[in-house]
Protein chains: 2
Amino acid sequence: MRGTLRADGERKRALIYDTALALFREKGFDATTMRDIAKSAGISLGSAYHYFPSKVAIVFAYYEEVQDAHEERVRKKLPRTDGLLERLTLVFETKLELVRRDRQLLGAIGATLVQPGNELSAFSVEGRDFLQRSVALFDAALEPLATTPEARRTMALLLWTAHLGMMLRLVHDDSRGQKRTKSLVSRALTMAVPLLQLAATPMGAGLLAQLRSLLEENGLMPLPEETLSEG
Amino acid sequence: MRGTLRADGERKRALIYDTALALFREKGFDATTMRDIAKSAGISLGSAYHYFPSKVAIVFAYYEEVQDAHEERVRKKLPRTDGLLERLTLVFETKLELVRRDRQLLGAIGATLVQPGNELSAFSVEGRDFLQRSVALFDAALEPLATTPEARRTMALLLWTAHLGMMLRLVHDDSRGQKRTKSLVSRALTMAVPLLQLAATPMGAGLLAQLRSLLEENGLMPLPEETLSEG
DNA sequence: CCAAGACTTTGAACACGTTCGAAATTGAAC
DNA sequence: GTTCAATTTCGAACGTGTTCAAAGTCTTGG
């Protein structure tokens with residue numbers, strides 16, 4: 001049966017994934033070799049490459065899981081959370097808690113994201129879904145703001161950028177429990193909320209509109225319509 | 001004579017550096033191997049490693065040169081440049097012009113910067129001089145702003161962060177002459193200048209002070225005094 | 001001119017990520 | 001039950017960045 005075959009494949013892929021992640025966390029990303037992973041999973045080196053095209057691909061699978069978990073947790077708690085600060089804190093802190101212990105893996109992702117011609121970059125078409133899903137969470141958190149959808153989307157993208165900054169800080173944060181990054185998030189959000197509220201007023205509309213067209217031109221905004229597919 | 005020895009060493013180092021850079025630009029960073037560099041420079045593989053501890057170390061030498069050139073050009077033209085927008089444009093565009101053609105090398109630098117435990121990161125002590133020198137240029141550009149030195153320094157650091165964003169955009173910018181990044185810089189600065197002027201008023205002072213302490217706590221501001229060396 | 005020490009050069013060797021062709025296994029069709 | 005194509009497994013082999021110990025060269029002091 002084809003289903004069984006597939007399921008077995010999935011199971012093996014999961015085995016490799018779990019083994020790899022355990023080793024990454026135990027010895028670090030660089031110190032864990034593909035041979036380690038294969039041996040520890042009880043398969044051959046070549047077999048591992050049948051399920052993952054590269055070592056970082058395993059980390060990208062991890063990040064996909066992080067993204068899923070982030071979405072799930074935020075969507076669950078967001079309806080019960082009032083206040084802009086509280087809602088934004090929820091999105092940021094949930095993400096932080098999810099990745100806090102895996103700084104080396106974030107570093108590996110960041111390294112490939114910075115490579116020109118990489119398919120998973122924020123600026124690339126392939127990475128766009130990834131980006132948009134993440135931005136959508138910030139957008140949802142901004143719901144209490146009475147403003148236009150476009151303005152909200154723009155602010156959400158700004159927050160996503162800030163969240164990138166959080167990740168960069170995290171990668172280098174050796175403090176116990178990553179309290180430095182935690183404190184950074186909390187204080188930065190306290191500062192950001194009044195600014196966001198200001199931006200949501202008619203006074204901020206002009207600035208946001210400018211910002212939006214800037215981001216659009218650089219492929220960071222979702223395309224408004226799919227009707228522009230001419231060469 | 002010891003001097004001669006040193007000079008010869010410098011000359012050889014320069015030869016390796018020049019050869020490597022030419023190859024990087026011709027074939028790309030990844031496609032250029034250390035063996036290529038050694039062969040092309042007419043030396044052995046081991047000898048290359050006598051002058052540069054690693055392949056990226058060559059790229060860091062390149063970036064040091066970029067930094068020097070950036071400083072020199074900006075310092076030369078800044079006194080003759082009036083207006084905040086013009087001064088900031090000078091700093092940003094000079095940098096962009098210097099690195100525009102070397103996106104792959106920037107990617108290699110970025111990749112190691114994102115690695116935890118890296119000595120040259122913006123958050124590490126060893127990289128601090130690098131950061132401070134760069135921030136100082138933005139600080140100088142902000143001179144027309146009538147405000148406190150601390151506020152100016154804070155804004156300079158923000159601009160440096162924006163400049164990091166420019167570099168990230170650049171790495172993925174395939175457009176002819178990197179006009180996308182150029183346009184981004186020009187438009188972003190147009191938006192930024194009024195905001196900076198606003199921040200320089202008493203109204204913005206509170207926000208800037210908060211921001212400053214935030215940045216200080218994360219090791220991004222220069223230490224005010226060296227008198228806190230109690231471990 | 002020689003000896004000692006420092007600096008420089010060398011290429012073999014190592015460990016790694018990745019590729020590849022061939023062998024083994026599987027499931028479906030008859 | 002046999003056959004066949006597809007999938008999966010395997011580990012040798014490749015190219016890479018980097019290390020290292022041994023050999024070579026040069027500088028200095030006598």
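Throughout, protein chains are lettered first and strands after them, A, B, ... in sequence-line order, and every chain is numbered starting at 1. These numbers come from a predicted model, not from an experiment.
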Is the phosphate of [N] approached by [X] (side-chain N or O, under 4.0 Å from OP1 or OP2)?
X: B:K55; N: D:dT16; result: no
X: B:H50; N: C:dT9; result: no
X: A:Y51; N: D:dT9; result: yes
X: A:Y49; N: D:dT9; result: no

Proximity to the side chain of [X] - top-ranked nucleotide from [options]:
X: A:T33; options: C:dG17, C:dT8, D:dT18; value: C:dG17
X: A:M34; options: C:dT18, D:dT18, D:dT9; value: C:dT18
X: A:I43; options: D:dC10, D:dA13, C:dT9; value: D:dC10
X: A:S47; options: C:dG11, C:dT9, D:dT9; value: D:dT9
X: A:R35; options: D:dA13, C:dT8, D:dT16; value: D:dA13

Rounded interatomic separation in angstrom, taking [atom1] from [X] and [atom2] from [N]:
X: A:E10; N: D:dT8; atom1: CD; atom2: C1'; result: 14 Å
X: B:I16; N: D:dT18; atom1: CD1; atom2: C1'; result: 15 Å
X: A:K39; N: C:dC16; atom1: NZ; atom2: C1'; result: 15 Å
X: A:D36; N: C:dA15; atom1: CG; atom2: C1'; result: 11 Å
X: A:L45; N: D:dA13; atom1: CG; atom2: P; result: 14 Å
X: B:L15; N: C:dT8; atom1: CG; atom2: P; result: 15 Å
X: A:R11; N: D:dT9; atom1: CZ; atom2: C1'; result: 17 Å
X: B:K12; N: C:dC7; atom1: NZ; atom2: C1'; result: 12 Å

Taking A:D173 as the fixed residue, which of A:M166, A:R100, A:Q178 is the one that meets the side chain to side chain contact (heavy atoms under 4.5 Å, CB included) rule?
A:Q178

Between A:K179, A:R180, A:R103, which is the residue that forms a salt bridge (charged side-chain N to carboxylate O under 4.0 Å, His left out) with A:D174?
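Option passing the salt bridge (charged side-chain N to carboxylate O under 4.0 Å, His left out) with A:D174: A:R103.
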
For the residue pair B:F92 and B:H163, does the interplanar ring angle fall in the parallel (under 30°), tilted (30 to 60°) or perpendicular (over 60°) class?
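Answer is perpendicular, since the angle exceeds 60°.
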
Scan A:Y63, A:F60, A:W160 and name whichever one has a ring-ring contact (aromatic ring centres under 6.0 Å, His included) with A:F130.
A:Y63

DNA chain C nearest-nucleotide lookup for A:A31 and A:G46: closer to the 5′ end is A:A31

Please say whether more than 12 non-hydrogen atoms of neighbouring residues, nucleotides or ligands are located less than 6.0 Å from NZ in B:K27.
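Enclosed: over 12 neighbouring heavy atoms sit under 6.0 Å from NZ of B:K27.
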
